[in-house]
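Remarks on the structure that follows.
Positions are given from 1 along the sequence.
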Amino acid sequence: MTDTAVTRAAELLKEHRESIDRLDAILVFTLAERFAHTQAVGVLKAQHDLPPSDPAREEKQIARLQDLALQADLDPEFAKKFLNFIIQEVIHHHEQYQS
């Protein structure tokens with residue numbers, strides 16, 4: 001490889017990593033906003049003695065995200081696993097509000 005090719009590869013790598021860093025920040029802030037809303041839902045559920053989970057809604061959300069993943073050219077199984085992880089964390093929070 002020439003020095004020019006190595007330099008160009010390093011520039012491209014830097015650009016990709018900068019984009020990844022920006023996207024990671026977006027993900028973190030988006031998750032924080034999502035959890036703020038799910039916390040409010042958890043409080044409402046606790047106040048009105050509603051169950052901490054809603055399996056029917058969870059199924060719909062998983063199917064919806066899998067469809068979105070397909071549209072976005074993202075592995076729908078990855079999207080399902082990711083959402084399941086988030087749902088379990090939300091349910092855990094909702095259970096804490098009920099105690």
Side-chain angles (χ1 to χ4, degrees):
M1 256 191 181
T2 66
D3 285 346
T4 305
V6 171
T7 300
R8 181 64 185 139
E11 289 170 0
L12 290 171
L13 183 61
K14 182 178 182 257
E15 289 172 14
H16 285 299
R17 286 180 172 166
E18 287 171 351
S19 290
I20 290 167
D21 291 350
R22 282 192 301 276
L23 291 165
D24 285 346
I26 290 168
L27 285 171
V28 167
F29 280 93
T30 301
L31 283 171
E33 183 175 347
R34 187 186 195 286
F35 275 95
H37 287 285
T38 61
Q39 287 172 350
V41 167
V43 169
L44 282 170
K45 285 181 173 186
Q47 289 172 342
H48 298 283
D49 200 29
L50 297 170
S53 70
D54 183 345
R57 173 162 167 75
E58 292 158 17
E59 270 186 50
K60 284 171 136 174
Q61 285 298 93
I62 289 169
R64 187 177 74 82
L65 254 63
Q66 286 183 297
D67 287 342
L68 288 171
L70 287 171
Q71 293 172 38
D73 199 26
L74 179 68
D75 178 2
E77 279 305 306
F78 171 76
K80 180 179 179 177
K81 288 177 190 175
F82 183 69
L83 186 60
N84 272 325
F85 173 78
I86 291 172
I87 288 170
Q88 291 310 307
E89 191 65 22
V90 168
I91 290 170
H92 176 70
H93 291 167
H94 289 185
E95 289 169 344
Q96 288 178 331
Y97 291 127
Q98 304 238 334
S99 322

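- Between L70 and P76 the shortest heavy-atom distance is CD2-CG, 3.7 Å.
- Using modelled atom types, one side-chain atom of Q98 and one backbone atom of L50 make a donor-acceptor pair closer than 3.5 Å.
- The CG atom of L44 sits 11.5 Å away from the OG1 atom of T38 when rounded to the nearest 0.5 Å.
- Inspection of the Q96 and H92 side chains reveals an N or O donor paired with an N or O acceptor under 3.5 Å.
- Within the structure, the side-chain hydrogen bond (donor to acceptor under 3.5 Å, both in side chains) test picks out the following pairs touching residues 51-62 (sequence neighbours left out): Q61-R64.
- When all heavy atoms of A46 and Y97 are compared, the pair lying nearest together is CB-O, 3.6 Å.
- Sorted by first and then second residue, the salt bridge (Lys or Arg N to Asp or Glu O under 4.0 Å) pairs involving residues 81-99 (not counting sequence neighbours) form an empty list.
- With sequence neighbours excluded, no residue forms a salt bridge (charged side-chain N to carboxylate O under 4.0 Å, His left out) with E77.
- Cluster partners of L23, using a side-chain heavy-atom cutoff of under 4.5 Å among ILVMFWY residues and allowing indirect links, are I26.
- Every side chain to side chain contact (heavy atoms under 4.5 Å, CB included) that I62 has, sequence neighbours left out, goes to Q66, K80, L83, N84, I87.
- Relative ring orientation between F78 and F82 is described as parallel, the plane-to-plane angle staying below 30° on a 0-90° scale split at 30° and 60°.
- Shown here are the side-chain hydrogen bond (donor to acceptor under 3.5 Å, both in side chains) partners of Q39, two or more places apart in sequence or in another chain: there are none.
- In terms of heavy atoms, A79 sits closest to L74 at CB-CD2, 4.5 Å.
- Annotation: side chain to side chain contact (heavy atoms under 4.5 Å, CB included) contacts of A5 (sequence neighbours excluded): M1, T2.
- Counting only residues at least two apart or on different chains, the side-chain hydrogen bond (donor to acceptor under 3.5 Å, both in side chains) pairs with a member in residues 10-36 are R8-E11, K14-E18, S19-R22.
- Sorted by first and then second residue, the pairs that involve residues 32-68 and meet ring-ring contact (aromatic ring centres under 6.0 Å, His included), not counting sequence neighbours, are F35-H93.
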